[in-house]
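FYI, side chains are in, hydrogens and waters are out, and symmetry mates aren't considered; it's all heavy atoms of this structure.
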Amino acid sequence: MAALSKSIPHNCYEIGHTWHPSCRVSFLQITGGALEESLKIYAPLYLIAAILRKRKLDYYLHKLLPEILQSASFLTANGALYMAFFCILRKILGKFYSWTPGFGAALPASYVAILIERKSRRGLLTIYMANLVLLFCITAAMYMFFFRCKDGLKGFTFSALRFIVGKEEIPTHSFSPEAAYAKVEQKREQHEEKPRRMNMIGLVRTFVDSICKHGPRHRCCKHYEDNCISYCIKGFIRMFSVGYLIQCCLRIPSAFRHLFTQPSRLLSLFYNKENFQLGAFLGSFVSIYKGTSCFLRWIRNLDDELHAIIAGFLAGISMMFYKSTTISMYLASKLVETMYFKGIEAGKVPYFPHADTIIYSISTAICFQAAVMEVQTLRPSYWKFLLRLTKGKFAVMNRKVLDVFGTGASKHFQDFIPRLDPRYTTVTPELPTEFS
């Protein structure tokens, strides 16, 4: 562990922004690169979310762009302000300590940045867990239990789960079984009057109906239009299609960059392994959850909220198709946040103002400390994200100088020595450069 009191006399140019001696220019370069990448991340993300949530035209005209810019500004500020506080701390303290290049600069930067983001998006960040699938299974089990409970989930989380698993799994419906059967009969009459268009979706639906036409349905199941087998199969097809289309949309910007130079790469937009992986993940999650729920209704002869715990846990195995630390950790952190506020409502847990902001700031600062002093301990996905956000500049820090703190900072950067201008350094560079 690095000694907290040990220090080095190097300036911020010699360690941090080794590509340019000016703090101001370096800050502007980081800001520009981070803003560009942030817009690439949030623009398709918000657009897809708006489409899935069936937003009205007014949202696209007046709210979509401001929300994209606000989230992009948050992410940009997180990277740019880190560079700013990196230089400010060096000027205030006159030297670098083991905690200043990472934790010290990232903590105030993260705190200010998260205040820019909408409060509804300030999720709690937690430490990483080793078993990703098990974590997702537990998280999914608790989410589905709260989804089935009255007033268990609200807002976007409830709407998203209702879209994924369907309103049939919500225990409290506003319509009675008799009314539902009446609607089914009405739809059947309409189908008899109008011949179904034999497009691709119609063909698939006809095929599924022919396979599951005479399948059973338990009296407690609320999927009145389908039997249990058809219900699970259609759930898989629907969410597989959604996952496939989402991944295709996310790959559109990178694919069109090579439209004229490498036209053949456009085929990868549709025939890509990741497209099918996300589709398999979402499709299997829904089908396993629905299948397990129906099975438990059959063997217990009742519909119980506790079924959601078992069904959700087993559905979590679907994470094996699309192992994503981001998804798993985000959902786990939001679950902690949900349980925390439920504890406050029940009077079981004290309320701490700005707890989400403080925890986010500390968690991000710890990650930045690892990214500077011990890259080998950081998850590769997060390291790649930092490189993308800073246009690769996070990798050109002078980590050899930081080895004095005993963390092995330069372990993965043994061959890198920055080309520093001696006119702006406080310590003679390790090797002669083009300026010497």
Side-chain angles (χ1 to χ4, degrees), residues 2 6-38 73 75-113 364-365 367-375 378 383-436:
K6 187 178 291 187
S7 64
I8 51 178
H10 300 71
N11 60 34
C12 49
Y13 165 55
E14 293 172 272
I15 295 180
H17 46 89
T18 58
W19 63 91
H20 199 286
S22 171
C23 297
R24 182 178 60 84
V25 172
S26 300
F27 169 77
L28 292 176
Q29 290 176 343
I30 290 290
T31 302
L35 180 60
E36 179 184 344
E37 291 301 320
S38 299
S73 298
L75 195 55
T76 302
N78 223 145
L81 290 178
Y82 168 75
M83 189 77 266
F85 282 106
F86 185 95
C87 299
I88 291 172
L89 279 177
R90 169 60 179 83
K91 295 183 183 302
I92 292 176
L93 300 177
K95 58 183 70 175
F96 278 110
Y97 296 88
S98 62
W99 55 272
T100 51
F103 189 89
L107 183 62
S110 303
Y111 185 83
V112 175
T364 305
C367 289
F368 270 70
Q369 178 71 9
V372 174
M373 304 297 293
E374 300 176 274
V375 176
L378 201 65
W383 173 242
K384 290 179 181 178
F385 169 73
L386 290 178
L387 291 180
R388 178 183 175 185
L389 189 65
T390 60
K391 296 290 186 179
K393 291 182 171 60
F394 219 125
V396 297
M397 295 182 71
N398 191 1
R399 289 178 170 82
K400 282 187 176 293
V401 176
L402 301 176
D403 281 339
V404 68
F405 296 115
T407 61
S410 67
K411 182 177 180 179
H412 294 292
F413 305 90
Q414 292 294 329
D415 298 330
F416 174 74
I417 298 177
R419 303 165 70 86
L420 301 174
D421 187 339
R423 294 174 297 174
Y424 301 99
T425 62
T426 57
V427 178
T428 304
E430 181 179 340
L431 291 176
T433 67
E434 62 186 33
F435 301 105
S436 58

Could you state the interatomic distance from [atom1] ([X]) to [atom2] ([Y]), rounded to the nearest 0.5 Å?
X: Asn11; Y: Thr426; atom1: CG; atom2: OG1; result: 4.5 Å
X: Gln29; Y: Met83; atom1: CD; atom2: CE; result: 10.5 Å
X: Ile8; Y: Ile15; atom1: CD1; atom2: CD1; result: 3.5 Å

Minimum heavy-atom separation for [X] to [Y], with atom names?
X: Cys23; Y: His17; answer: SG-NE2, 3.5 Å
X: Ser110; Y: Ala365; answer: OG-N, 4.4 Å
X: Ile30; Y: Gly79; answer: CG2-O, 3.7 Å

Under the rule for side chain to side chain contact (heavy atoms under 4.5 Å, CB included), what residues qualify as partners of [X], not counting sequence neighbours?
X: Val375; answer: Trp383, Arg399, Phe413
X: Ala105; answer: Tyr82, Phe85, Phe86, Leu89
X: Lys411; answer: Gln376
X: Val112; answer: Leu81

Inset, instruction - Begin with the C-alpha distance, continue with both residues' side-chain angles, and end with the deciding distance and a verdict on side-chain contact (heavy atoms from CB on, under 4.5 Å) for Thr407 and Leu402. - result: CA-CA 8 Å; Thr407 61; Leu402 301 176; 5.8 Å; no

Does the side chain of [Y] come within less than 4.5 Å of [X]'s, by heavy atoms?
X: Glu14; Y: Val401; value: no
X: Phe368; Y: Leu107; value: no
X: Phe103; Y: Ser98; value: no

Legend entry - Donor-acceptor contact below 3.5 Å, side chain Lys400 vs main chain Gln414: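 Answer holds: yes.
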
Legend entry - Results of salt bridge (charged side-chain N to carboxylate O under 4.0 Å, His left out) for Glu374 - residues two or more places apart only: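 Checked Glu374 against salt bridge (charged side-chain N to carboxylate O under 4.0 Å, His left out); zero matches.
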
Inset, instruction - With sequence neighbours left out, write down each residue that passes salt bridge (charged side-chain N to carboxylate O under 4.0 Å, His left out) with Lys95, or none if nothing qualifies. - result: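 Listed in chain order: nothing, the list is empty.
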
Inset, instruction - Apply side-chain contact (heavy atoms from CB on, under 4.5 Å) to the pair Lys393 and Ser26, showing each step before the final yes or no. - result: CA-CA 10 Å; Lys393 291 182 171 60; Ser26 300; over 6 Å; no

Legend entry - Trace of the side-chain contact (heavy atoms from CB on, under 4.5 Å) decision for Val372 with Phe394: CA-CA 8 Å; Val372 174; Phe394 219 125; 3.7 Å; yes

